[in-house]
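Just so you know, these numbers use all the heavy atoms, side chains as well, and skip hydrogens, waters and symmetry mates. So you know, we letter chains A, B, ... as the sequences are listed, proteins then strands, and number each from 1.
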There are 2 protein chains.
Amino acid sequence: MSISTVSRVVNGKPGVSDDARQRVLAALDVLGYERPATLRNEPAGLVGLVVPELTNPVFPAFAQTIETLLAGHGFTPLLCTQSPGGTTEDEYVETLLHHKVDGIVFVSGRHADTEADPGRYRRLTSSGMPMVLINGYSPAIEAPFVSADDAAGVAMAVRHLVSLGHSRIGLVVGPRRFVPAQRKIDAFHEQLVAHGLADETTADEHVAISFYTVEGGQSAATRLLESGHTAILCASDVMALGALRAARQRGLSVPRDVSVIGYDDSPFVAWTNPPLTTVRQPIEAMARATVDTLVARIDGAPAQNSELLFDLELVVRESTAAAPH
Amino acid sequence: MSISTVSRVVNGKPGVSDDARQRVLAALDVLGYERPATLRNEPAGLVGLVVPELTNPVFPAFAQTIETLLAGHGFTPLLCTQSPGGTTEDEYVETLLHHKVDGIVFVSGRHADTEADPGRYRRLTSSGMPMVLINGYSPAIEAPFVSADDAAGVAMAVRHLVSLGHSRIGLVVGPRRFVPAQRKIDAFHEQLVAHGLADETTADEHVAISFYTVEGGQSAATRLLESGHTAILCASDVMALGALRAARQRGLSVPRDVSVIGYDDSPFVAWTNPPLTTVRQPIEAMARATVDTLVARIDGAPAQNSELLFDLELVVRESTAAAPH
C-alpha cells in the first residue's frame with residue numbers, strides 16, 4: 001500500500017477502493033492513530049437544555065421533542081432540571097460552559113422573570129453563545145425567543161366562556177413578574193373589558209394569583225369560587241387539576257356548576273374527570289422552530305432579538321358548559 | 001507578594017489570608033492562567049441517562065429525580081431519550097463514550113430485552129465504564145441492577161382483586177421478551193394457580209399482550225373483556241388508561257362492572273375518571289439507590305452483578321370494587 005493511498009484515505013480524497021480504505025483505517029486504528037474527524041462519524045457537540053422541572057408534563061413534552069430534533073442534527077442535550085433547593089439555573093449555566101456546549105435552550109427560565117437580572121443572559125450572548133429561549137420574552141437579551149401567543153390563547157378561552165353565557169369569569173395564574181403570566185393577565189383584563197364584564201378598575205378582582213402547582217391552583221380557584229365565579233380559566237393544566245379539586249371540595253359539579261379551562265394540553269388531561277377543556281400549546285412546532293433557530297445560530301447565523309409567536313388552539317372537552325342559572 | 005504565597009495559593013496550602021488568596025487568583029486570571037482544578041469549583045463529569053421516552057410520566061419522574069440527585073454530587077446528566085425512528089440506544093452509547101461520560105444509567109433499556117445481545121453492555125463493563133441499570137435484569141452483565149419487585153407487586157394486586165370477589169382476572173402487559181413483563185406474567189400465573197382461578201395449562205388465557213401505550217392497553221383490555229373478565233391488572237398506568245377507555249366503549253362502568261388496576265402510580269393518575277387504583281413504584285428510593293451505587297462505582301467500588309429489589313405498594317383509589325354478580 002503506497003503512502004499516497006494512505007494520504008488519500010486520511011484526507012478523505014476519492015480514487016481509493018472501499019476495500020483499500022477500510023484496510024488503511026483498520027491499520028491506523030491498530031497503530032493507535034486517531035481517525036480524522038471526517039472519517040469518524042463524529043457526533044456533533046453538546047447542547048444545554050434547561051427546563052424548570054419535569055413534574056408538569058408540558059416540560060418533559062418539550063424536552064423529549066427538542067431532544068429528538070437535536071439528535072437528528074447530531075447534537076446531544078445536557079439536561080438541566082431545576083428542583084426546589086437543588087441546582088440553580090446560574091450554576092447549571094456554569095456547568096454547561098465548563099462542558100463547552102455549542103448552544104443552550106432555556107425553557108421557561110429566568111429570562112421569563114422580569115425581576116431577574118438579564119445580565120446573566122447578556123454575558124452569554126456577548127460571549128457569542130448561541131441560545132434560544134422559550135416562553136418568556138425580554139427586549140434586553142440579544143437572542144431569538146420562541147413563545148406561545150398567550151394573549152391570543154386567553155382571548156380564545158374567554159370568548160368560549162362568554163359564548164356559554166358566563167359573566168363571572170376568573171383567571172388563576174402565577175405571579176405577575178413572569179412574562180407569560182403578565183401577558184395572560186393583561187389579555188384577560190382586556191377581554192373582560194371588551195366583553196363588558198368588568199372595567200379597568202375592577203378587572204383585577206377576577207384574577208387570583210398563586211403557584212403553578214395543583215395546590216396553588218386549588219387555593220386560587222377557591223378564592224374565585226367564594227366570590228361567585230362560575231368559570232375559571234387556569235394558566236396551566238396542573239393548576240386546573242387544583243381548580244377541579246376546589247370545586248369538588250365545595251360540592252360543586254364541573255361543568256354543571258362551574259366551568260374550568262386548563263392551559264397547555266399536557267398529555268393525559270384528556271383522562272381527567274371530567275376531561276379537561278384546555279388551550280393547547282403547539283409544542284412540536286415550537287420545539288422545531290427552537291432547534292432550527294439554534295442550529296442556524298451554531299452554523300453562524302447572527303444573533304438578534306426576535307420573538308416567534310405561535311398560535312394556540314382551544315381543545316373543547318367536557319369541563320366547560322353553559323353557565324348555571 | 002512573594003513567590004511562596006503564590007505557590008501556597010496555587011497548591012491549595014493553608015497559611016495565606018483570604019484577601020491575599022483572592023488577589024493571587026485574580027492576578028492569575030488576568031494573566032490568562034487556568035486555575036488549578038481544586039480552586040475552580042470544578043463541576044464533576046457527565047453521566048449518561050438513557051430513558052426509553054418521556055411521554056409515559058414514569059420516565060420523566062425517574063429522570064428528574066436522578067438528575068437532581070446527580071447534581072447534588074456535581075454530575076450533569078446527558079439525557080438520551082429514544083423515540084420511534086430516532087436515535088437508537090447503541091448510537092446514544094457511542095455519543096456518550098465520545099463525550100467521555102463518567103458513568104451511564106440505563107432506565108428500562110435494552111438490558112431488559114432478553115432477545116437483545118448483552119454484548120453491548122459487556123463491552124462497556126469490560127472497558128470499566130461505571131453503570132447502573134434500572135428495571136430489567138440480566139445475569140450476563142457485570143453491573144448493579146435496581147428493580148421494582150414486580151413479582152411482589154403483581155401478587156399484591158391479584159390479592160386485592162380476589163378479596164373483592166373477582167374470579168375472572170386478566171393481565172394486560174407488554175411483550176414477554178422484556179424482563180419486567182416476563183416477571184409480571186410468571187407471578188400472575190402463579191397467583192392465579194395459588195388462588196384456584198386457573199391451572200398451569202389455562203393461566204395464559206388470562207394474559208393479553210400488547211404495546212405499552214394507551215392504544216395497546218385498550219386493544220388488550222378489549223380482548224379480556226370479550227372473554228368475560230371482570231378485573232384487569234395493567235402493567236403500566238398508560239395501558240390502564242386504555243383499559244378504562246375499552247370498558248367505556250363497551251358501555252361498562254368502572255368500577256361497577258369492571259375493576260382496573262394500573263402500575264407505576266404516575267403523576268396525575270389520581271385525577272383520572274375514576275381515580276386509578278395502582279401499584280406504586282418507589283421512584284425516589286430507586287433513584288437514590290441508583291445514584292449512590294453509580295457514584296460509589298465512579299469512586300472506585302468494584303463492579304459486580306447484583307440486583308437491588310424495591311418493594312411496591314398498592315394505592316387503592318376508585319377504579320376497583322366488589323365483583324359484579
Side-chain angles (χ1 to χ4, degrees), chain A residues 40-46 48-49 51 53-57 59-72 74-87 91-92 94-99 214 237-238 240-241 244-245 266-276 318, chain B residues 40-46 48-49 51 53-57 59-72 74-87 91-92 94-99 214 237-238 240-241 244-245 266-276 318:
Chain A
R40 254 182 279 161
N41 261 335
E42 186 116 332
L46 301 172
L49 176 56
V51 295
E53 41 132 343
L54 293 178
T55 49
N56 179 338
F59 296 122
F62 268 118
Q64 166 149 8
T65 315
I66 291 170
E67 197 276 342
T68 303
L69 293 167
L70 282 174
F75 289 101
T76 307
L78 277 167
L79 177 69
C80 304
T81 48
Q82 291 160 72
S83 57
T87 312
E91 290 165 344
Y92 274 129
E94 284 305 308
T95 303
L96 294 175
L97 295 178
H98 173 79
H99 289 300
V214 172
D237 289 331
V238 174
L241 295 179
L244 293 178
R245 197 197 268 167
S266 322
F268 308 115
V269 295
W271 302 94
T272 56
N273 179 18
L276 199 64
E318 295 166 38
Chain B
R40 256 181 279 162
N41 265 333
E42 187 115 332
L46 301 172
L49 176 56
V51 295
E53 41 130 342
L54 293 177
T55 50
N56 179 339
F59 295 122
F62 267 119
Q64 167 149 7
T65 315
I66 291 170
E67 197 277 342
T68 303
L69 293 167
L70 282 174
F75 290 100
T76 307
L78 277 167
L79 177 69
C80 305
T81 49
Q82 290 160 74
S83 58
T87 312
E91 290 164 343
Y92 274 129
E94 284 306 307
T95 302
L96 295 175
L97 295 178
H98 173 79
H99 290 300
V214 172
D237 289 332
V238 174
L241 295 179
L244 293 178
R245 197 196 268 167
S266 323
F268 308 115
V269 294
W271 302 94
T272 55
N273 179 19
L276 199 64
E318 295 167 38

### Summary
Looking only at A:L69, A:V51, A:L241, most heavy-atom pairs under 4.5 Å shared with chain B are made by A:L241
### Message
Just verifying a value: how many Å separate A:E67 CD and B:L54 CG, rounded to the nearest 0.5 Å?
### Response
8.0 Å
### Task
Sort out for me which of B:C80, B:P77, B:A71 touches chain A most, counting heavy-atom pairs under 4.5 Å.
B:P77
### Straight-line distance of A:L70 CG to B:L79 CG, nearest 0.5 Å
10.5 Å
### Task
With a 4.5 angstrom heavy-atom cut-off, could you sort out which part of B:V238 is near chain A: side chain, backbone, both or neither?
side chain
### Message
Could you report the tightest heavy-atom contact between B:E53 and A:Q64, atom names first, then the distance?
### Response
C-OE1, 3.5 Å
## Note on the structure
In this structure, OG1 of A:T76 is separated from CD of B:E91 (nearest 0.5 Å) by 11.0 Å
### Query
At a heavy-atom separation under 4.5 Å, does B:Y92 approach chain A through its side chain, its backbone, both, or neither?
side chain
### For A:T272 against B:N273, the heavy-atom pair lying closest together
O-CB, 4.2 Å
### Query
Just wondering, do B:D237 and A:F268 contact through their side chains at under 4.5 Å, heavy atoms?
no
